[in-house]
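Input: a single structure, listed below in structure tokens.
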Amino acid sequence: DVKVTQSSRYLVKRTGEKVFLECVQDMDHENMFWYRQDPGLGLRLIYFSYDVKMKEKGDIPEGYSVSREKKERFSLILESASTNQTSMYLCASSLDPSSYNEQFFGPGTRLTVL
Amino acid sequence: AQSVTQLGSHVSVSEGALVLLRCNYSSSVPPYLFWYVQYPNQGLQLLLKYTSAATLVKGINGFEAEFKKSETSFHLTKPSAHMSDAAEYFCAVSDTGANSKLTFGKGITLSVRP
């Protein structure tokens, strides 16, 4: 089974702190994604990556950056956390082109910014 | 651009009753379609997917969905609800090209009454 792990389930940070959210997948997937999930808004794509050292902006990239130095690891960075970044963050991976773009999700990190 | 509409935010059914969760999509080309389920404090898990083979797709836990091109719909059904079905359900669409992103609906919460 594909396993996607995220470094923390719950995280509390203060406004202005630099925050790192780590995601690791163990099935050699090329593609990795970061979403945030908010009540009533569903999942919104922040950034994605189709290859090592490659990144593309999603729908809501402002205030975030990403890093993918190794194929299995995709990090989301909040350079200066703000209270409006309090949310559930979900990482996903997929294997193209044979997988019909099916994405496999990690358990999520619930981030609170005080 | 693709989009997904899930009308309403909450559905409540009695245990043993039919479950019907609606999903309509817009896409310029025949898409791939997905239903994911999210249990409390967990990531998303794939229920089923449509990949242009059979229009009636069977998934896990007794769920199924039917792709209707003329109605641009992919509604999720289960003949008899169980208490364990209480969760949030997301419909998602992707075009069929490689490295395509998923576009998610806003999600719908299913409650099951004893």
Side-chain angles (χ1 to χ4, degrees), chain A residues 1-11 21 23-25 29-51 54-61 88-111, chain B residues 1-10 21 23-25 27 29-54 57 59-60 65 67 74 87-109:
Chain A
D1 281 350
V2 175
K3 191 165 186 182
V4 180
T5 57
Q6 296 183 228
S7 51
S8 304
R9 293 300 304 274
Y10 300 92
L11 208 52
L21 302 182
C23 175
V24 177
Q25 50 92 6
H29 283 181
E30 282 86 12
N31 309 322
M32 297 189 74
F33 306 83
W34 274 107
Y35 297 89
R36 66 176 283 175
Q37 180 182 10
D38 300 288
L41 297 179
L43 275 71
R44 293 180 291 168
L45 183 63
I46 305 172
Y47 267 96
F48 58 102
S49 170
Y50 290 141
D51 203 350
M54 175 271 179
K55 61 186 178 184
E56 288 196 33
K57 294 180 180 179
D59 300 318
I60 52 163
M88 170 73 99
Y89 290 87
L90 292 166
C91 176
S93 70
S94 72
L95 175 65
D96 283 327
S98 62
S99 69
Y100 306 105
N101 301 321
E102 175 185 347
Q103 293 184 12
F104 297 84
F105 284 82
T109 295
R110 188 167 295 280
L111 173 67
Chain B
Q2 297 171 323
S3 67
V4 174
T5 301
Q6 294 183 252
L7 288 178
S9 60
H10 185 241
L21 303 180
C23 173
N24 289 89
Y25 68 91
S27 176
V29 295
Y32 296 143
L33 292 158
F34 306 83
W35 275 99
Y36 283 86
V37 61
Q38 184 181 35
Y39 299 103
N41 297 314
Q42 295 186 26
L44 275 66
Q45 176 184 359
L46 183 71
L47 271 179
L48 48 79
K49 62 188 176 190
Y50 168 76
T51 59
S52 72
V57 181
I60 62 172
F67 172 68
F74 190 56
E88 191 163 15
Y89 292 80
F90 293 92
C91 182
V93 63
S94 167
D95 71 41
T96 57
N99 298 334
S100 293
K101 299 175 289 181
L102 294 185
T103 299
F104 286 86
K106 296 189 186 306
I108 189 159
T109 300

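Every chain is numbered from 1 and lettered A, B, ... according to where its sequence line falls, protein lines coming before strand lines.
Scanning both residues, Leu44(B) and Phe105(A), for their nearest heavy atoms gives O-CB, 3.5 Å. Scanning all heavy atoms of the two residues, the minimum distance from Phe34(B) to Glu102(A) falls at CE2-CA, 3.7 Å.
With values rounded to the nearest 0.5 angstrom, Arg9(A) atom CZ is found 7.0 Å from Gln42(B) atom CD.
Residue pairs meeting the salt bridge (Lys or Arg N to Asp or Glu O under 4.0 Å) criterion with at least one member in residues 31-40 of chain A, sequence neighbours excluded: Arg36(A)-Asp38(A), Asp38(A)-Arg44(A).
Of the listed residues (Gly43(B), Gly107(B), Ser9(B)), the one with the most heavy-atom contacts under 4.5 Å to chain A is Gly43(B).
Here the side chain of Arg110(A) pairs no donor or acceptor atom with the backbone of Asn41(B) at under 3.5 angstrom.
Side-chain contact between Phe90(B) and Gln37(A) is present, with heavy atoms from C-beta onward closer than 4.5 Å. Residues Gln38(B) and Leu43(A) are not in side-chain contact: their nearest non-hydrogen atoms beyond the backbone lie 4.5 Å or more apart.
With a 4.5 angstrom heavy-atom cutoff, Glu88(B) touches chain A only via side-chain atoms.
In this structure, the side chain to side chain donor-acceptor pair (under 3.5 Å) partners of Tyr35(A), at least two apart in sequence or on a different chain, are Gln103(A).
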